[in-house]
Amino acid sequence: MIAGVPGIGISGLFYLLSAFFMPFFELSATLRGRSSFKRWKLVTMHHFYFWGIILGSYAIIVLFEIALKHYFGIAIFPYKVDGQIPNILSIVPVVVTLSLLLTVLITARLIRIVGALISSLCASNKKYRYKR
Amino acid sequence: MKIAAQQNISALKKTIFNSETHSRIKKTRNGKLTVLVPAYNEAESIGDTIVSLQQQTFPIHEIIVIDDVSTDNTADIASLYRVRVIKPPKNTGSKAGAQNYAMQFVNTEFTMAIDADTILAHDAVEKLIEAFEDENVVAACGFVLPRHVRTVWERGRYVEYLFAFSFYKQIQDYFGKPLISSGCFSLYRTEILKENGCWSMRTLAEDMDLTWSLYQKGYGVRFIPEAVCYPIEPHNYLFMKKQLKRWSHGFVQNVRLHWKGVQKVKYLNHIITVVLWDAIIASCAYLILLPIMAILFRNPIFLIGYIIDIPAIIVPTMFVAIRRKEFIKLLISLPSFFVLRTVNAIFMIEAFWTEVVMKKTFKTYEKGH
């Protein structure tokens, strides 16, 4: 079964980043004598997927910009800087999604820490009450 | 650095040719296996499932078909194939119930659960059992692809599985945490399965519940992409609706049940966090926020959210499809994926609303075909 909604949102970026970092993890495993050809094959394939997806996403963004500007006459970014419209469309989705991913993961981590602190405070309060 | 590398290579060679490793591999391959096939009104497909099991390259000690008080002739058909057919005193209400009923008859080292509509590649079990050479591994699952790819719903599911099992799940396995050991085809160490109380019926996704419980106890779960199975997927909206409702509610029920425990499981906690976020927030953005923003600001830039992940879907699926000589099938099926994804998003939001906001637990287990 597939949980969630595959492909959309921050999980896509999460796995993309995981695929990017896999060779570095595998290098560390190799130096510790825990790697194999099969594992390197898997890692290389997924790292290749990472670059393919990045290039493909960039191409989609560029095509989207061209289509809107030339075929529909729509200016996405209405302001000009030094007489030219800045090409921010290419980086905005990535920056927004990356920021969102980091925010969600950090918030989840903070919730875990706060939850653990509250649990330990409650436990020590109970202990104190029993001692009295 | 050179000396360290040489030492690592010698250590690696010693590990490969270590007699203890040899005997562990031999023991795993000699371990006996019982296969459980829970079935409720599966007369049309049970025969194919049993034949596929009997033709496996790995010898199966016993196949047990659990006829969950079917109203058709599932039991009669299964009996023709020289397998053990058992019937609980009354309908157990779910696949988990049927499998649990059968566990009293299992005495082998390994237990496999397979859906009655699923057939396997001829070496699927052999590939899967290799995962248990690692003594910490207690469950393993394989690659799932729809048996029939004809309707919009089956095509959408085909792309969804191709994407998830060739990209997401392989990354999850690399980091040691496949999200779920799929209920349609999974193999377990019997002793640990019984210690864990087998398949719990407290949620609608017993496979997810079992997997997350095993992780919290420190056990390992593996995903073996070479072990391929082919279940029958919902072919129309009526059955797809039942399956999606079960899966989405099952997911939310498991998050509510396990959220404290899984926080301590590294990498799994991150997977569940991002999946939960996407299931609820991204679904709302996809269905509601993006179109409203595009209309409100009269700027189509927001619509890029619908297409920006097309390369993310196409790149991994294309490579697997080419290897399987199914590239044309993939191209034809791609648009169906976006239809299914939209429907999936609706069910996820509904599940969250019902289970968390309205605090109503959905408990009806309905088949998906």
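Residue numbers start from 1 in every chain, and the chains themselves are labelled A, B, ... in the order their sequence lines are given, proteins ahead of strands. Given the structure is predicted, the values throughout are model-derived calculations rather than measurements.
Note that the OG atom of B/Ser166 and the CE atom of A/Met45 stand 9.0 Å from one another [nearest 0.5 Å]. Once rounded to the nearest 0.5 Å, the distance linking OG of A/Ser11 with CG of B/Leu276 reads 11.0 Å. Separation of atoms CD1 (A/Ile53) and CD1 (B/Ile314) is listed at 10.5 Å; rounding is to 0.5 Å. Atom CG of A/Leu17 is separated from atom NE2 of B/His270 by 12.0 Å, given to the nearest 0.5 angstrom.
Scanning residues 103-111 of chain A against chain B with a 4.5 Å non-hydrogen threshold yields A/Val104, A/Leu105, A/Ala108, sorted by number.
Nearest heavy-atom pair across B/Asp278 and A/Ile10 is OD1-N, 2.9 Å. Taking both residues in full, the closest heavy atoms of B/Ile171 and A/Tyr15 are given as CD1-O, 3.5 Å, listed atom of the first, atom of the second, then distance. Summarising the geometry of A/Ser57 relative to B/Pro311, their closest heavy-atom pair is N-CG, 3.4 Å, with the distance given to 0.1 Å.
Per-residue heavy-atom pair counts under 4.5 Å with chain A were compared for B/Val144, B/Ile307, B/Leu244, and the maximum is reached by B/Ile307. Counting heavy-atom pairs closer than 4.5 Å to chain A, the top-ranked of the candidates B/Met318, B/Gln170, B/Lys260 is B/Gln170.
Surrounding CZ of A/Phe48 are at most 12 heavy atoms belonging to other residues, nucleotides or ligands under 6.0 Å away.
Residue contact with chain A, scored on non-hydrogen atoms closer than 4.5 Å, involves the backbone and the side chain of B/Phe167 alike. For chain B, the nearby parts of A/Phe25 are the backbone and the side chain; heavy atoms of each come within less than 4.5 Å.
A donor atom on one side chain and an acceptor atom on the other are not found under 3.5 Å apart for B/Tyr174 and A/Ser18.
Taking the six-membered ring wherever Trp is involved, the centroid distance between the rings of A/Phe14 and B/Tyr267 falls below 6.0 Å.
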